[in-house]
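Comments concern the structure below.
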Amino acid sequence: MVLVLFISLLFLGCTQAERDNPEDPRAINYDPSFVKISSSSVEPPSSSSSYETLSSSSSDVSSSSSSSSVPSPSSSSSALLSSSSVVSSSSSVVLSSSSSVAGSSSSYEDWCTGLYVDGNAEAGMVPICLVTCAEVAGGDSKEECGSDIADRLEYYLQKRGSTEIIDLGPTANNCQSSGNVLTCYSGITIDLINGRVHVNTDGGIKKGGLRTGIYTVYVKTTDNATPPKRVASFSLVGSQTIHAVWGNLVNDETDASITNLSSIGIKETQTVVAGQLVPVAFAPGEWDGESRFLVNMEEVGASFRLNQAGMFPDEPQYAGLKVYKDAEGKEEVSPTESFKISESGYLILWVAGEDRAADDVTYDVNVSNPKSSGFNITVLQSKTKTGEKESK
C-alpha cells in the first residue's frame, strides 16, 4: 500500500513539473546518453550540403516547437544536427580557404621575383634591377641592380600588334658600340657594363628601317627565368608630307610592293607635245633611295593641293596645264582643287600643256609647299606655231 502511494505521488510530481516548466528535463524524458550519442555520432555534411539544407533543418525545428509546447526527442535531434551542420560547414570554409592559399604558393614565386626599371628611362639613364624572393633564393630575398646583373641582361624592340623581336645588341643592325655604351636607332642608349638604359622618346629615335607604329623597348634575362620587363615605349609617325612620286611604291608597314609606276609611264622627267596627256602620281610617306618610295598607308585619305606657280609660270605667255582625273581626258578638274589620296595609297592624275602657249614650256608639277622635287614636264608647241614664231 505504501509502495502504491509513493508511485502515485511521483506521477503527480512529474505532471506538475510539466505544467510549471515545459523545458524541464523531466518533461521530455531527458536522457543524457541521447545527447551524447547525437553530438558525437552526427556525420559532417557532404560537399553537396547547401545553405538550403541547413535552413530546412532549422525550419523543421521551429515548426515542431510552435506546434507543441513540449519538444519531442526527434525535433531535438534535428536541432542538434542543424547546429552540428553549421559547425561542419564553417570548418569546410576554413579548409577551402587554406586550400586556396596552398594552391597559390607557386604563383607567389612568380609574383615576387622579377626585373624592374629603377626610374624613368625616358628621362635619363636608369639601372635595371632584379629581385629574387627568399623562397626562390633559398634564404633571404635579394635585390641586384646595374652592374651586378649587366652581363645577364638582353634588350629588344617589339612593335605593337607584331610578334617580331628586334634585337638591340652589339651585333644588331642600327646599333653602334662606343666603349661599353651601345646606341640603337640614334635614341636608345644602353650601358652594357653598368646595366643602365635610356630611351629618348622626345624625337631622338630615328626610323632606321623601322615602320610607322608604336614600339616598346624590353629587357630580359639571358636565361629567361623571369618575364621580360617593359623599359619605355615610343611612336614613329610617318611623314605627313605628300610627295610627287615615281618608281616603285612600297608599303612601309609590310615592305610589300604596291605598284611600279614606271610600268605605267610615270617618270620624273618627260617631254611631250602640247595637248598630250601625261600621268603624274602623289603619295604620302618618304623616299628610300632614288626610285623606291615608302608609302605610309595610315595616311590614306589625306588631302593635298597642287603648286600653282609651277603649273602656271609667268613666261611664256598663255602657258598653263590642264588637269584630268582620267587617262582619256574626259574628266577635267580645276587645278586649284583639293585632291585626296585613294585607298591604294597613292593618287594618279593626268595633265596636258596648253596648246596656245607662246613657246615651249617646262612645267614643275608638284604639291604645294613641296618637301622634295616634282615632275619636270616639257611641253613642245606645234610646228605651226613654231614656224609662225620663226617667220616673225
Side-chain angles (χ1 to χ4, degrees), residues 97-98 100-237:
S97 299
S98 300
S100 297
V101 173
S104 62
S105 61
S106 59
S107 60
Y108 169 73
E109 295 178 1
D110 296 335
W111 169 79
C112 72
T113 300
L115 295 165
Y116 74 90
V117 182
D118 189 13
N120 183 4
E122 298 180 17
M125 295 289 285
V126 295
I128 304 299
C129 298
L130 175 65
V131 175
T132 306
C133 288
E135 289 84 348
V136 180
D140 296 333
S141 61
K142 62 179 180 179
E143 179 181 11
E144 303 168 282
C145 291
S147 59
D148 295 335
I149 57 171
D151 60 344
R152 287 180 277 159
L153 300 178
E154 292 180 348
Y155 302 83
Y156 67 90
L157 264 182
Q158 190 166 16
K159 184 181 178 182
R160 179 181 295 179
S162 173
T163 58
E164 180 186 4
I165 300 299
I166 304 172
D167 180 38
L168 298 176
T171 61
N173 294 330
N174 293 291
C175 290
Q176 296 80 36
S177 297
S178 178
N180 61 294
V181 177
L182 181 69
T183 302
C184 301
Y185 297 97
S186 302
I188 304 172
T189 307
I190 302 170
D191 189 330
L192 300 173
I193 300 299
N194 296 302
R196 300 167 68 87
V197 61
H198 173 220
V199 181
N200 183 2
T201 59
D202 189 19
I205 298 174
K206 308 300 180 184
K207 293 187 74 171
L210 296 176
R211 306 303 181 191
T212 300
I214 299 175
Y215 291 83
T216 298
V217 178
Y218 289 95
V219 60
K220 71 180 189 71
T221 56
T222 54
D223 60 3
N224 295 312
T226 63
K229 182 66 179 178
R230 173 189 175 278
V231 176
S233 298
F234 60 91
S235 297
L236 287 178
V237 181

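Atom CD1 of I205 and atom CG of L210 lie 8.5 Å apart (nearest 0.5 Å). Atoms CG and OG1, from L168 and T189 in turn, are 11.0 Å apart once rounded to the nearest 0.5 Å. Atom OG1 of T222 sits about 7.5 Å away from atom CG of D151, to the nearest 0.5 Å. Rounding to the nearest 0.5 Å gives a distance of 12.0 Å between OG1 of T183 and CG of N174. Here OG of S147 is found 13.0 Å from CD1 of I128. Values are rounded to the nearest 0.5 Å.
Contacts of E154 classified as side chain to side chain donor-acceptor pair (under 3.5 Å), with partners at least two apart in sequence or in another chain: K220. Residues satisfying the salt bridge (Lys or Arg N to Asp or Glu O under 4.0 Å) test with R152, not counting sequence neighbours, are E144. Remark: E143 pairs with no residue by the salt bridge (Lys or Arg N to Asp or Glu O under 4.0 Å) rule, at least two apart or across chains. Scored by the side-chain contact (heavy atoms from CB on, under 4.5 Å) test, L192 finds P170, L182, I190 as partners (sequence neighbours excluded). With sequence neighbours excluded, the residues that form a side chain to side chain donor-acceptor pair (under 3.5 Å) with T221 are D223. Considering only residues two or more places apart in sequence or on other chains, A232 meets the side-chain contact (heavy atoms from CB on, under 4.5 Å) condition with E122, V199. Under the side-chain contact (heavy atoms from CB on, under 4.5 Å) criterion, N180 pairs with D191, I193, N194, not counting sequence neighbours.
In this structure the side chain of T226 reaches within 4.5 angstrom of the side chain of L130, judged on heavy atoms.
Within 6.0 Å of atom CG in N224, more than 12 heavy atoms from other residues, nucleotides or ligands are found, so the atom counts as buried in its surroundings.
Across all non-hydrogen atoms, the minimal contact from A150 to G195 is CB-N, 3.5 Å. Closest approach of V231 and A121 over heavy atoms only: CG1-CB, 3.5 Å.
Sorted by first and then second residue, the ring-ring contact (aromatic ring centres under 6.0 Å, His included) pairs with a member in residues 183-216 read Y215-F234; sequence neighbours excluded. Applying the ring-ring contact (aromatic ring centres under 6.0 Å, His included) test to residues at least two apart or on different chains, the pairs with a partner in residues 142-162 are Y156-Y218. Pairs of residues two or more places apart, or lying in two chains, that qualify as disulfide bond (SG atoms under 2.5 Å apart) and include a residue from residues 146-229 are C175-C184. Within the structure, side-chain hydrogen bond (donor to acceptor under 3.5 Å, both in side chains) pairs that include any residue of residues 158-172 comprise K159-E253 (at least two apart or interchain).
Just one of D148, L115, D118, V117 meets the side chain to side chain contact (heavy atoms under 4.5 Å, CB included) condition when paired with C129; it is D118.
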